[in-house]
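Okay, so here's the structure we're looking at.
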Amino acid sequence: MNEPYDPKAIEERWRDFWREKGFFKADIEDTARKFYYLNMFPYPSGKLHAGHGRNYILGDAIVRFLIMRGYNVLNPMGWDAFGLPAENAAIEQGVHPRDWTWRNIEEFKRQFRAWGVEYDWDREIATCEPEYYKWTQWLFLKLYERGLAYRAESEVNWCPHCDTVLANEQVVNGRCERCGSVVERKKLTQWFFKITAYAQRLLDDLEKLPDWPERVKLMQKNWIGRSEGALVTFRSERGDPIEVFTTRPDTLWGATFLVLAPEHPLVEKLTAPERRAEVEEYRRQAARQTEVERLSTEREKTGVFIGAYAKNPVNGEEIPIWIADYVLMGYGTGAIMAVPAHDERDFQFALKFGIPVVPVIAPPSGVARSYLMRGTFQEGLKGALAGAGFDFEEKDGALYVTLAEKDRERYISLVQGYLKPGSWTEVVGAGWQFVFPDEVANVGSLEEERAVLAKCQELEPAVRERRTVAELLWGVEFYRELLFHAEYGEMINSGPLTGTPGDQAVRRTCEWLEERGIGRYAVTYRLRDWLISRQRYWGAPIPMVHCERCGAVPVPEEELPVLLPDVPFIGKRGLADIPEFVATTCPRCGGPARRDTDTMDTFVDSAWYYLRYISPNDEEKAFDSELVNRWLPVDLYVGGVEHAILHLLYSRFITKALYDMGYLSFDEPFKRLFTQGMITYPAYWCPEHHWIPPGEVGEGNRCPHCGTELQVQVLAMSKSKKNVVPPDELIAKYGADTERLYTLFMGPPERDIEWSEEGVRGAWRFLSRLWALITEQLPRIKDVRDPVAPEGLDRAGEALWKKLHLTIKKVTEEFEGRLGLNTAIAALMELTSALGEYLEGETVDVRLVREVVRNLILLISPFTPFVAEELWSRLGEGGSVLETPWPEYDQRALAAGEVEIPVQINGKVRARLRLPSAVAEDEEALQEAALADPVVQARLAGKQVKRVIAVPGKLVSIVVG
RNA sequence: GCGAAGGUGGCGGAAUUGGCAGACGCGCUGGCCUUAGGAGCCAGUGCCUUCGGGCGUGCGGGUUCGAAUCCCGCCCUUCGCACCA
């Protein structure tokens with residue numbers, strides 16, 4: 001028996017080989033055939049687990065492929081090294097965050113080496129080093145110079161546990177993304193980056209990114225949240241302008257109240273004295289509320305009337321002003337016009353607080369309804385309705401009429417004649433009309449609404465407690481679904497614009513408003529400015545000084561970096577707890593001043609790091625524009641979807657800002673983006689002992705500590721949930737190649753997939769088989785050097801030869817295209833099996849065996865580089881696989897030989913023909929061959945052939961009667 | 001609620017200008033080897049079957065010689081956003 005496959009014996013031999021040979025070093029000056037491959041750099045938080053492999057092993061395989069294809073590959077790695085966990089560890093364990101961080105970095109590097117994952121380590125960067133964050137600070141100053149960094153007081157998201165503010169993006173469902181605490185709202189003076197100035201370009205330029213996943217682009221699009229509409233100025237009774245934003249200016253005539261956000265600055269000024277106490281109370285309550293409470297969707301609307309009125313500029317109506325927390329200060333103008341007839345939220349609010357509703361848009365359905373209460377009409381109406389062709393139902397003596405809008409007038413005049421004195425009915429559809437025996441009244445304005453209500457109440461005591469017409473109609477179930485709709489439609493009850501069709505309504509109204517100077521077309525975005533201040537120690541200090549005389553003064557560029565003070569103790573307030581850091585002198589006037597004690601959000605560090613890799617040791621500038629412009633945009637950027645919004649949007653923003661400043665000649669940093677899925681694994685939860693490592697779980701899913709039955713969930717591997725598989729153990733048991741192979745084989749790389757120990761063994765078995773097969777053949781193929789051509793081969797040989805070349809094609813195309821490396825590996829497994837079968841045949845051509853073995857080794861080397869190098873060196877061709885060109889497939893393999901053609905009869909496969917490809921590719925010959933086949937003939941006996949469809953190279957389909 | 005992606009054997013998944021459904025791997029079954037095996041090797045493995053064949057890609061329709069793939073209508077799952085005016 002041959003030497004068994006023993007990864008321990010072979011892997012260590014190659015671990016330093018590639019590095020020593022310099023295969024992964026990019027030639028930075030030569031961009032003729034450059035490829036910038038980039039993995040999102042990690043936060044060094046502890047140890048790598050098998051789940052991380054999804055990203056790094058994939059990247060390593062791609063890079064090895066590219067190197068063999070002859071690319072000059074730039075493939076750097078670094079550390080997103082600032083951040084809260086380092087600081088927390090420091091506070092808990094008394095170690096300096098830098099020491100903690102570097103210890104983790106060393107561990108990560110050891111694990112990369114064990115995996116055979118290689119980088120150009122000369123370009124390593126760590127964002128926590130002064131040599132790096134000096135330039136993060138430089139970036140801040142550049143943005144400040146351009147007016148893109150500013151300081152403002154604002155309501156911020158405050159995490160009480162982390163003692164710091166959070167960006168909107170770091171608040172998930174009202175909770176801190178990191179620790180899960182409920183986020184509070186607090187007013188603080190903070191630094192912001194003006195990303196909103198780039199909102200439109202960030203949105204438009206998504207079009208320039210055809211090689212990004214649609215999903216990611218859509219998420220960014222939603223996040224930016226552009227909406228078009230109009231800004232319209234209402235006026236208070238005293239003439240204060242109140243600007244509102246609306247996407248539905250066509251509903252302006254239906255505005256029956258205004259709502260301001262509780263924090264709106266005008267509230268103070270406008271509130272009537274007698275309403276003040278209640279308004280103040282509501283505002284206090286709103287401020288106290290957490291995001292979670294405020295955002296809970298189920299919540300009933302709340303709000304208070306502030307005792308003031310505003311004039312609707314389009315029709316002069318006086319409408320009440322309310323405050324309510326469903327209006328957000330941070331979006332639009334913080335004030336809305338409420339059109340209850342055409343906005344669901346406004347409708348709920350109006351119904352609850354008894355505010356009138358006036359319909360101003362006809363529903364596109366063109367359907368109207370009318371309800372006739374029992375006893376309100378004379379006998380004979382039913383017959384008349386039926387005779388006139390109206391549709392109605394009768395229930396308990398009441399009539400429910402459904403009519404088309406065009407029949408409205410006809411219906412009204414008919415029904416009016418049958419109403420008993422003192423009764424009425426309504427027609428609810430495109431507008432609401434009340435039909436009395438003596439008149440027809442429309443609800444087309446607030447005035448008319450009052451009049452109709454008054455008349456009804458006079459006639460019918462039972463409706464006297466109804467506050468509005470809407471409330472009255474709401475009492476009739478039959479009308480409810482027609483009282484509010486949010487669709488576009490013909491404008492009604494809208495003064496001069498009445499009759500404007502729905503598809504022109506918004507545009508025409510905007511024009512009309514602009515002509516009169518009442519309002520104008522406007523666009524708003526959901527995107528807010530990027531809050532970058534953090535009250536923490538372990539981050540890049542914001543390079544600003546606060547001087548009593550000069551105000552906020554930037555630290556001069558030549559004084560950078562503003563170093564983090566080297567202190568043994570870190571307080572919870574970060575730099576603000578370190579007096580010797582705070583005290584400084586003003587760079588402008590020389591007087592006493594205080595340093596800004598905020599550090600920057602770590603997303604700032606990672607928003608530009610891909611530029612630094614080009615010249616990581618440059619002491620003169622952040623990056624070398626000339627070289628950066630040649631190497632970027634990054635050709636392929638690979639990372640997790642969790643960064644789809646934050647990191648990627650910020651990086652795009654910073655790139656555009658630097659482009660505008662003239663530092664860059666491109667304005668999108670990442671040409672192609674690939675988001676790999678996560679590896680999941682069962683996680684076990686004990687209510688008392690929390691997360692239990694899967695290895696410790698007892699019989700029947702019991703907690704090893706208390707015996708409680710555990711809850712099992714399949715979740716992304718993560719240290720915090722204790723459901724990780726450590727690579728060290730896998731490598732000790734199976735070797736790194738097996739882990740690499742399984743990681744890439746388990747499924748398409750973009751999908752989330754559950755880790756399986758059995759699957760790992762499958763990969764191991766395959767490698768063992770491959771090893772045995774090749775080492776057995778080595779003695780007889782080692783010295784063979786003659787090339788092989790398909791012509792001289794027998795049938796089995798030709799089939800294998802063909803398989804080889806189809807495999808080369810398949811693997812190459814997966815690497816170059818969609819990265820479905822799982823199917824590439826499947827193809828390599830097939831080729832291996834085919835080789836095994838060939839070797840068991842009668843005649844064996846050693847030239848062909850050598851050719852297959854040689855290419856098999858090369859093709860599999862990106863996946864399993866250790867075993868590939870080992871076998872390659874034993875094959876005796878010399879050199880490394882990494883300096884051997886990637887195999888090219890032979891075109892002839894696509895055409896040569898015989899093919900199998902299925903024959904369908906009435907849609908079912910009834911025969912398979914083996915035909916020379918020349919016949920299979922010729923439509924007529926193919927058809928003839930199919931009809932001549934004995935199996936087919938037997939099937940067709942006694943039946944009439946109606947039609948024959950021969951698809952060259954594919955199949956033959958016969959239709960019989 | 002809005003938006004997107006997806007639904008294929010016992011499991012992960014293959015197959016997309018419409019052309020042999022289930023590649024490859026796991027698991028399972030049987031056999032071999034072994035003192036033993038949670039190792040390895042070989043064979044089988046979509047379901048049903050009266051062994052002719054029939055049925056099968058979430059469900060129901062449709063287009064087509066032919067549909068996992070295209071069209072219409074539902075159901076379910078996952079993800080993102082969520083009072084955004």
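Labels below follow one simple rule: chain letters A, B, ... track the order of the sequence lines, proteins then strands, and each chain is numbered from 1.
One P atom belongs to G30(B), the other to G18(B), and the distance between them is 45 Å to the nearest Å. Comparing G46(B) with G38(B), their P atoms sit 26 Å apart, to the nearest whole Å. To the nearest whole angstrom, the two C1' atoms, one in C83(B) and one in G13(B), are 42 Å apart.
For the pair K8(A) and D6(A), the salt-bridge criterion is not met [side-chain N within less than 4.0 Å of a carboxylate O]. For E263(A) and R283(A), the salt-bridge test fails: no basic side-chain N is under 4.0 Å from an acidic carboxylate O. Of the charged side-chain nitrogens involved, at least one lies within less than 4.0 Å of a carboxylate oxygen, so that R818(A) and E814(A) count as a salt-bridged pair. A salt bridge does not link K810(A) with E830(A): none of the charged nitrogens is closer than 4.0 Å to a carboxylate oxygen.
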Can you name the atoms? Protein N/O to nucleotides 39-44 of chain B N/O, anything below 3.5 Å, with the distance.
{"unit_1": "G40(B)", "atom_1": "OP1", "unit_2": "R765(A)", "atom_2": "NH1", "d": "3.3"}
{"unit_1": "G40(B)", "atom_1": "OP2", "unit_2": "R765(A)", "atom_2": "NH1", "d": "3.4"}

With 3.5 Å as the limit, what N/O pairs link the protein to nucleotides 16-18 of chain B?
none

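Less than 6.0 angstrom separates the ring centroid of F863(A) from the ring centroid of F815(A).
Using a 4.0 Å heavy-atom distance criterion, Q904(A) is classed as a base contact. As judged by a 4.0 angstrom heavy-atom cut-off over every strand, L955(A) is placed among the base-contacting residues. Residue contacts shown for S227(A) are limited to sugar-phosphate atoms, with no base heavy atom under 4.0 Å away. Looking at heavy-atom distances under 4.0 Å, T246(A) makes contact with sugar-phosphate atoms alone, never a base. Contact annotation for I753(A): backbone-only contact, meaning every heavy-atom pair under 4.0 Å involves sugar-phosphate atoms and none involves a base.
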Exercise. According to the Watson-Crick and G-U wobble definition with distances under 3.5 Å, which dot-bracket string, read 5' to 3', encodes RNA chain B, using [ ] for crossing pairs and | for pairs with another strand?
Worked result: (((((((..(((......[....)))((((((.......))))))(((....)))..(((((..]....))))))))))))....

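No hydrogens or angles were tested; on distance alone, a donor-acceptor pair under 3.5 Å links the side chain of K301(A) to the base of C83(B).
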